[in-house]
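Read the numbers this way: they start at 1 and go in the same order the structure lists the ligands and their atoms.
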Amino acid sequence: MLIRKLRGWNMPERLVTPESVMLGRRAALAGVASIVAAVPAHAQWANLFGGAPARPEQPRKPLVASRNDRYVAGRAITEERQAITYNNFYEFGMSKSVYGAAQALVLDPWSVEIAGLVAKPQKIGLEDLLKRMPLEERIYRHRCVETWAMTVPWTGFPLAKLVEMAEPQPEAKYVVFTTLADAKTMPGLGQRFYPWPYTEGLTLAEARNELAFMAVGMYGKTLPPQNGAPLRLAVPWKYGFKSAKSIVKIEFSAKRPTTYWESLQDSEYGFWANVNPDVPHPRWSQATETLLGSDERVPTKMWNGYGEFVADMYKGMSNEKLFM
Ligand code: MTE
């Protein structure tokens, strides 16, 4: 039997887990029914709601990349074990303790489809992609919409480099990220009321912004499955749900996509999702955050502290809901 010791930063999930209160009663009942139908085995049930590690941790390869000191986090790096054992990865369950279940993710072979309005649509193996991308390390703040936060040394490459490689056509205005949806290894996919696969999107300008980063590693090693191996987005001025994990497709589009959380509850989770302490979530304040590993609440910064890099992109967009 699992006994999980709650620390101060373990937010009460009934308060913060997005789906738990936003779904109507009917959807919730349908959801329970679909879970029962799809996940009969006890072990899978435990995974879905956060059971003990189901499998040994996958080995992570060392990654050597020099640190880019242009991006200063201004606070201590989160202890690695905290960052890799407190996750949101709904494909593996609704709990924060999905790291055991996530070890089922099959990482090799992995390829990414570059599709849509580009000069060269292609499917490229991760290794080949990495041969063409300049790897570096950046320490970024990460702020989840649920008010927990961490500071992580990511290894990866600027998304702008991938955009350049893809050669978007002039009509392309958005970049859409689709992540893996593999029912065989991801018990969360049994919850059919969720709009799988998990998708996210940025404007092309955001994707070309120097902060937008594609991470393949953290803490000097390849990403663990639970943090979005082998390839995830890191857009630190936005709430964490924008940072899609385990990406399999990057599509250039003329049309703004309806993203995963937006299609579930657009009054709470918008397309833009830029961090702003002065704009509360409909159900909680965004003024402060709890750093993983600490009980203290600290003030949240506008644009999560990255205004100098990103604020200009949003000038004259006062009609948009930029902060939810
Ligand atoms: N990507 C996928 N595919 N599935 C998810 O459930 N959760 C998002 C984001 N990316 C999520 C995802 C949310 S809500 C957050 S806060 C971050 O991943 C969490 O990243 P972490 O677990 O590495 O801290």
Query raised in the report: Rounded to the nearest 0.5 Å, how far apart are CG of Asn304 and CH2 of Trp237?
Result: 11.0 Å
Query raised in the report: Under 4.0 Å from ligand 1, counting heavy atoms only, is it the side chain of Phe89, its backbone, both or neither?
Result: both
Report summary line: Min over Arg143, Gln226, Lys245 of heavy-atom distance to atom 20 (O) of ligand 1 lands on Lys245
Query raised in the report: Does at least one non-hydrogen atom of Tyr260 fall below 4.0 angstrom from an atom of ligand 1?
Result: no
Report task. Examine Tyr269 together with Trp261 and report whether their ring centres are nearer than 6.0 Å. Result -> yes
Query raised in the report: What do you reckon, are the aromatic ring centroids of Trp272 and Tyr239 less than 6.0 Å apart?
Result: no
Report summary line: If we number the atoms of ligand 1 from 1 as shown, the ones under 4.0 Å from a heavy atom of Asn227 are 21 (P), 23 (O)
Query raised in the report: Are Trp196 and Tyr260 close enough that their ring centers fall under 6.0 Å?
Result: yes
Query raised in the report: Between Trp148 and Tyr86, is the gap from one ring center to the other below 6.0 Å?
Result: yes
Query - Nitrogen or oxygen of Trp154 less than 3.5 angstrom from that of ligand 1 - result: no
Query raised in the report: For ligand 1, which atoms, with element, lie under 4.0 Å from some heavy atom of Asn87?
Result: 21 (P), 22 (O), 23 (O)
Query raised in the report: For ligand 1, which atoms sit closer than 4.0 Å to a heavy atom of Tyr90?
Result: 5 (C), 6 (O)
Query raised in the report: Between Glu200 and ligand 1, which residue portion shows a heavy-atom distance shorter than 4.0 Å: side chain, backbone, both, or neither?
Result: neither
Requested in this report: Could you tell me whether some N/O pair between Arg232 and ligand 1 is separated by less than 3.5 angstrom?
Outcome: yes
Query - Heavy-atom nearest option to atom 24 (O) of ligand 1, drawn from Lys96, Gln82, Met150, Met94 - result: Met150
Query raised in the report: With under 30° as parallel and over 60° as perpendicular, where do the rings of Trp284 and His281 fit, or are they tilted in between?
Result: parallel
Report summary line: Thr179 heavy atoms within 4.0 Å reach ligand 1 at atoms 3 (N)
Report summary line: In this structure, OG1 of Thr78 is separated from CE of Met218 (nearest 0.5 Å) by 8.5 Å
Requested in this report: Any atoms of ligand 1 less than 4.0 Å from a non-hydrogen atom of Cys144? List them with their elements.
Outcome: 16 (S)
**Report entry** Numbered atoms of ligand 1 (with element) below 4.0 Å of Gly240, judged on heavy atoms
**Finding:** 8 (C), 9 (C), 13 (C), 15 (C), 16 (S), 17 (C), 18 (O)
Report task. Report yes if Ser243 has an N/O atom closer than 3.5 Å to an N/O atom of ligand 1; otherwise report no. Result -> yes
Report task. List the atom of Ala229, the atom of Leu105, and the distance in Å for their closest heavy-atom pair. Result -> O-CD2, 3.4 Å
Query - Leu162 CG to Leu129 CG distance, which is reported to the nearest 0.5 Å - result: 5.5 Å
Query - Mode of Lys242 contact toward ligand 1 - side chain, backbone, both, neither (heavy atoms, under 4.0 Å) - result: neither
Query raised in the report: Does the distance from a Lys or Arg side-chain N to an Asp or Glu carboxylate O, for Lys238 and Glu206, drop under 4.0 Å?
Result: yes
Report summary line: With heavy atoms and a 4.0 Å threshold, my read on which part of Trp148 contacts ligand 1 is side chain
Query raised in the report: Is it true that a side-chain atom of Thr179 and a backbone atom of Tyr198 form a donor plus acceptor pair closer than 3.5 Å?
Result: yes
Query raised in the report: So between Asn88, Val145, Ile247, whose heavy atom ends up nearest atom 14 (S) of ligand 1?
Result: Asn88
